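Keep in mind that this is a model prediction, so the values were computed, not measured. Just so you know, these numbers use all the heavy atoms, side chains as well, and skip hydrogens, waters and symmetry mates.
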Amino acid sequence: MRLNSDEDCAKVSQKTGFAIFELPESDFSTILPKANHFKPNEKGIYAKEDIKTISGLVHGKQHDDLIIVLENAETMNESAANTFLKTLEEPNDHIHFVFLVKNASEILPTIKSRAHNYYLPKNTKISDPPQIDSKTIAIAKQYLACKPEELPSFCGKIAKTKDDARGKALEIVDAAIQLLYKSYFVTGNQQFLHKLDSLIKAQE
């Protein structure tokens with residue numbers, strides 16, 4: 001999704017209130033450490049009553065951002081999923097749901113269609129630094145810090161590289177994407193998700 005107007009940004013902001021991340025690692029406790037984490041019940045699933053308990057957190061007025069993380073959310077049964085969908089219909093700009101899953105294909109399509117869906121490479125470990133050289137990381141940070149009016153000049157410099165300019169550009173975008181993922185998982189700042197959408201589109 002390209003962000004070309006305030007209206008586009010508003011649409012992304014609304015949708016990033018709910019995000020699904022398919023991750024290659026099983027230890028989700030280090031991701032969004034300040035969020036409210038929930039795990040499947042003793043039967044290894046999320047049942048309707050479990051979702052009702054979670055939904056209770058979002059009722060009433062919420063003035064500060066509240067991030068609710070459901071680990072292994074693909075274990076949610078259909079009844080629980082329907083209850084969750086009803087919770088999503090109660091808009092609150094300060095409530096953010098995050099599903100951490102090992103297999104996003106097991107999430108019901110009716111839920112996936114209401115979320116931003118993100119997939120990390122299978123060889124990525126959230127706890128590890130990006131496996132990219134420090135020079136490229138530094139350039140990626142400059143790229144992320146660029147103002148819109150500065151991007152043409154920045155991209156022009158990359159295009160003039162003596163090496164494979166396209167390959168170098170892809171390498172920088174990939175590094176920037178990894179930095180955004182890791183920054184979001186540490187801070188929970190929604191702005192990192194907004195930037196991710198445009199960068200993933202650029203990478204594609």
Could you give me the CA-CA distance, side-chain angles and deciding distance for Thr83 and Lys52, then say whether side-chain contact (heavy atoms from CB on, under 4.5 Å) is met? CA-CA 7 Å; Thr83 300; Lys52 280 187 173 181; 4.0 Å; yes
With a 4.5 Å cut-off on side-chain heavy atoms, are [Y] and [X] touching?
X      : Y      : answer
Tyr184 : Gln190 : yes
Arg166 : Leu170 : yes
His96  : Phe18  : no
Gln203 : Asp174 : yes
Glu74  : Lys102 : yes
Thr187 : Leu32  : no
Leu199 : Tyr143 : yes
Leu88  : Phe97  : yes

Do [X] and [Y] have a side chain donor and acceptor closer than 3.5 Å?
X      : Y      : result
Thr136 : Asp133 : yes
Ser79  : Asn77  : no
Ser55  : Lys86  : no
Glu78  : Asn82  : no

Indicate, with yes or no, if Leu66 and Val186 share a hydrophobic cluster defined by side-chain heavy-atom contacts under 4.5 Å among Ile, Leu, Val, Met, Phe, Trp and Tyr.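 No: no chain of side-chain contacts under 4.5 Å links Val186 to Leu66.
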Please say yes or no: joined through hydrophobic side-chain contacts below 4.5 Å, possibly via intermediate residues, are Val101 and Ile45 part of one cluster?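 No, separate clusters.
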Test applied, ring pair (Phe, Tyr, Trp, His ring centres under 6.0 Å); reference residue, Phe99; option that passes from Phe84, Tyr118, Phe28, Phe21: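 Single pass found, and it is Phe84.
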Ignoring hydrogens, what is the shortest heavy-atom contact between [X] and [Y]? Give both atom names and the distance.
X      : Y      : value
Ala140 : Ala176 : CB-N, 3.8 Å
Thr75  : Gly44  : CB-O, 3.4 Å
Gly188 : Ile67  : O-CD1, 3.5 Å

NZ/Lys168: more than 12 non-hydrogen atoms of other groups inside 6.0 Å: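 More than 12 heavy atoms, drawn from other residues, nucleotides or ligands, come within 6.0 Å of this atom.
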Does CD belonging to Glu149 count more than 12 external heavy atoms closer than 6.0 Å?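 Count over threshold, so yes.
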